**Student:** 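Below: one structure in structure tokens.
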Amino acid sequence: MEYNPSQIESKWAKFWEQNQTYKVENGGSKPKFYILNMFPYPSGAGLHVGHPLGYIATDIFARYKRLKGFNVLNPMGYDSFGLPAEQYAIQTGTHPAVTTVKNINTFRSQLDKIGFSFDWSREVRTSDPAYYKWTQWIFMQLFNHYFDKDAQKALKVSDLVAHFEKEGNAKVNAVCDEDTPSVSAAEWNAMSEKEQQIFLLHYRLTMPEEAYVNWCPAMGSVLSNDEVKDGVSERGGYPVERKLMKQWAMRITAYADRLLEGLNNIDWSESLKEQQRNWIGRSQGASVKFDLALDPSVKIEVFTTRVDTIYGVTFMVLAPEHELVDSITTPEQREEIENYKKWTASRSEVDRMSEGKKVTGAFTGAYCINPFDGAKVPIYIADYVLAGYGTGAVMAVPSGDQRDWNFAKHFNLPIIPILDAQKDIETAADNTKEGRYINSGIINGMTYKEATQTLINWLEERGLGKGKVQYRLRNAVFSRQRYWGEPVPVYWKEGVPYLIDESELPLELPSIDEYLPTATGEPPLGRATDWKYKGEYEYELSTMPGWAGSSWYFYRYMDAQNDQEFASKAALDYWRQVDLYVGGTEHAVGHLLYSRFWNLFLYDLGLVPEKEYAKKLVNQGMIQGRSLFIHLKTGRSLHVQIQFADEKDRLFKDKYVAMTQIDNRFEGIDTEGDIAWQTDDAGKQFVVLTPEVEKMSKSKYNVVNPDDMIAQYGADCFRMYEMFLGPITDAKPWSTSGITGVAGFLRKFWSLMYDINGKFLVNDNEPTKDELKILHTCIKKVNDDIERFGFNTCVSAFMVCVNELKAAKCSKRAILNELTILLAPFAPFIAEEAWTILGNTPSVLNAAYPNANEAYLVSDAVVYPIAINGKTRGEISFPTGTAKDVIEAAVPDMEVVKKWVNGSGIKKIVVVPGRMINVVI
RNA sequence: GCCUUGGUGGUGGAAUGGUAGACACGCAGGACUUAAAAUCCUGUGAGCAUUAGCUCGUGCGGGUUCGAGUCCCGCCCGAGGUACCA
């Protein structure tokens, strides 16, 4: 019998389905284990070879845990709202829901081919109204709660209102907007309903807020940074500017401290936790108000982590978007400031930060006053100050901060030393906190600690500033000016947002004629006709962002069909939290922070049992793709869809034209004028593309699909090959060379059961000591390596085992049975087939996992390498367990040692038992 | 720029501070074959010597150690993220 993967694989796929092998119950006597993959966005390009990498690893782990006696939940679903389906809708008019279902079906059939042990009865889709009903429901809870600092948790807004009615907001210790006015009970009670509602928005955990966005006037829409390339829109190449817009936001900053704290209690990689800590960016400092020189009633507030350096301030820098810029600029400087603002508005935040070494800025002509010494400080604007962080204004201390120093040198501003320990500040800034202050008024002679406290006290006494904790973390923008997302369950009445009634959930997406913004620049939902709350009030027209649905989906898997609750208490109490979460580092500070935030909120409400939803997280490295770029004469460069290029990275003109017909990014590009065509020997025109290795993604047009490989080699081979590529945590570019090695291994495994003539080889002879050693070495290695996620070395271990069994001509049932169980998590199809061939009853997943017996692993002798001064010069064998001093005594008499010692004496002999010997001469 | 992460043969990679390159791919030579494919066997870090053997070698420069791919310090380069891709 020959190894025929396609036959075996369809046979067992059918068996698993008919026997519901992967159906999981909530409950039972076995211990539970919840394994979760980050769910995919079902793109039109289908599953690419990067997706299954993590899924295969978790599938191996799930099957392994199951064989070890756990009740394993291993679900899968789709993050099915997203831009690509909407783009396709804009181009073709096809409703995104239609595209999405089609794409999901493609994904599903691809996933099925790989043989995952997912329990599909628990599938979720974020774009399904039955699912997003609960996303909207959670949004409503956020709207109805505020964060109480005394209780350190979310409490009901209705309680807050009760408090306002009795005592106003003076004694309320809650997270709220910076500019929240204080009100007395009388003032509150005198407010109209509308005024009260507007006031409460200062406290709600989700609220409308002004935020900067990439606005593309030509397209009438907001773009992601991803859609902006070189300062213009990727599609069409239109100019993009930064614009302030009213957006729904989530008050994630309220949870900043608890999000930091929670990191200490979860088993996530240190690097990932560090990224979250840096993203949250807690810094202790002070806010200080500077009076405007011409009008002391105008104050400019800055946040600084080094208030001790305040006597070294020689200028002030505002973000170009700072609200005071226009009013303080003098007539003489107006033109310069306007030009600079225009220039920065055309650049994204990333652009602005990434040119950090190039100093740019403009002088407003205005001055402010240093509150400590009354010094007149010139006010500049510069793009290294970001509007979104802190107050959008910094006090510049060139002697202590390198960016300020660069700026001062460029604009010829003074640099004042402030600490006697500062090094030569004419060549670079020195941010030391050592030494004692000089040139520093009331803090002269003090140390860093004394000075900071003295200054803060001075400021607080005069109401000019205060000690403050600042977070880099900003409130998360929650609106998207798009169609294909969850509708926000809010309607507007006289400019005030209200929640719709809970009984009206889900608020479903209305159908619209075109998936574009309206003529007046409103989001696509503005096109819906007769879409009014109670036929009267306008619904919120923006939709929720991609991260909404993914912030709680792990709970839905526990009880996916429930239409009364997002998940039942019984299901939540049984599964509690995810035991193992696997996904890419690219989600480190997006999804993984937002979902922790929602989880803490749900925990505060008593709706979920754990403060952290994912106990352990493993970062899978990304499979990278090879992208190709076309450079236009205009200076723009664009990704080219890889399937249109030839193997030499050339793009021929006919292919280019074919591509432009299906890809509207190329609209407006002049085929003749903008592209530097070359001509080959046959007279055909082509252009050479530039390759680059980067993440595999549909948006980079570099995806590789697994289907062909599976058709050719089978799913078992594909699974093992993906694991064999390298450690799961490492990023690596995709390559198919080498898959034949894994294919050869599977054939070799098969050949232990049938020879090339189809003769059945399996026998019941007693295994020898050597054969047991081969098997148990493999058991031990595979066991250890699965536990530490070293799946690539597991595959090597299997190869070694099969190579050695083959060399020993071993086809003994006792050996092959155990090897088959061991192999089952990796290559489930061939394992099921082998399991029945060996005379057992399927499924192999119901077998007992073998344990390594140390007794089979010990050898009679240990071969010691002998090093002279650390360099290996030979080896010698000692019986296992030979004492250290016996070995030491034997060393000087050995040939190699004598040769190298050659007269000079032995200084030292290092013997590491069971390892090696080093002779120092 | 900032945060995170990685850099080992021609390639993917292996290596609790203890024989660098396991296991594969590729390549070369051989067997089988009319021939090719498939399969099997042998060799394969670089250099010198071509027998023994020797020297160099884990991005670069230092350091700790009997011993460093592994630990420490300083650089260089790639990748991911950078708040509307998901």
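The chains referred to below are lettered A, B, ... by the order of the sequence lines, with proteins before strands, and numbering in each begins at 1. The structure presented is a predicted model; accordingly, all values stated were derived computationally and were not measured.
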**Student:** State which of B/G80, B/U19, B/C84 makes the closest approach to the side chain of A/Arg480.
**Tutor:**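 Nucleotide nearest to A/Arg480's side chain: B/C84.
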**Student:** Please report, rounded to the nearest Å, how far the P atom of B/G6 is from the CD atom of A/Gln624.
**Tutor:**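 Roughly 14 Å, once rounded to whole Å.
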**Student:** Do A/Gln481 and A/Ser479 meet the criterion of a side-chain donor-acceptor pair at a distance under 3.5 Å?
**Tutor:** no
**Student:** Are side-chain N/O atoms of A/Ser796 and A/Lys781 paired as donor and acceptor at under 3.5 Å?
**Tutor:** no
**Student:** Which whole number of Å gives the distance between the C1' atom of B/C3 and that of B/A68?
**Tutor:**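 About 29 Å, rounded to a whole number of Å.
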**Student:** Ion pair present between A/Arg788 and A/Asp785, side-chain N to carboxylate O less than 4.0 angstrom?
**Tutor:** yes
**Student:** Salt-bridge test for A/Glu586 and A/Lys695: reply yes if a basic N is under 4.0 Å from a carboxylate O, no otherwise.
**Tutor:** no
**Student:** Toward the 5' end of RNA chain B, which comes first, A/Glu274 or A/Ser737, by nearest nucleotide?
**Tutor:**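 Taking each residue's closest nucleotide, the earlier one in sequence belongs to A/Glu274.
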**Student:** Between A/Asp663 and A/Arg665, does any side-chain N to carboxylate O distance fall below 4.0 Å?
**Tutor:** yes
**Student:** For B/G69, decide between syn and anti, treating a glycosidic angle within 90° of 0 as syn.
**Tutor:**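 In terms of base orientation relative to the sugar, B/G69 is anti.
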**Student:** Whole Å only: how far is the CZ atom of A/Arg747 from the P atom of B/A24?
**Tutor:**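 Spelled out: CZ on A/Arg747 to P on B/A24 is 14 Å.
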**Student:** Any donor-acceptor pair under 3.5 Å between the side chain of A/Gln247 and the base of B/C84?
**Tutor:**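 Side chain to base: pair found, below 3.5 Å.
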**Student:** Can you tell me how far C1' of B/A24 sits from CZ of A/Phe724, to the nearest Å?
**Tutor:**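 In whole Å, B/A24 C1' lies 4 Å from A/Phe724 CZ.
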**Student:** What distance, rounded to whole Å, do you find between the two P atoms, one in B/G69 and one in B/G62?
**Tutor:**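 Looking at atom P only, B/G69 and B/G62 are 15 Å apart.
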**Student:** Which whole-number value in Å describes the distance from A/Trp900 CH2 to B/C54 P?
**Tutor:** 5 Å
**Student:** On the nucleotide B/G12, are OP1 or OP2 found under 4.0 Å from the side-chain N or O atoms that A/Asn792 carries?
**Tutor:** no
**Student:** Write down the distance between CD1 (A/Ile280) and C1' (B/C3), rounded to a whole number of angstrom.
**Tutor:** 13 Å
**Student:** Below the 4.0 Å mark, does B/A83 have OP1 or OP2 next to a side-chain nitrogen or oxygen of A/Ser224?
**Tutor:** no
**Student:** Does any N or O donor sit under 3.5 Å from an N or O acceptor when you compare the side chain of A/Asn918 with the base of B/C66?
**Tutor:** yes
**Student:** Nearest heavy atom decides the nucleotide; on that basis, is A/Met916 or A/Arg873 closer to the 5' end of RNA chain B?
**Tutor:**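 Whichever sits nearer the 5' end wins; that is A/Met916.
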**Student:** Distance between the C1' atoms of B/A49 and B/C54, in whole angstroms?
**Tutor:**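 These two C1' atoms come out 8 Å apart once rounded.
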**Student:** Provide, to the nearest angstrom, the distance between the CG atom belonging to A/Leu83 and the P atom belonging to B/A86.
**Tutor:** 5 Å
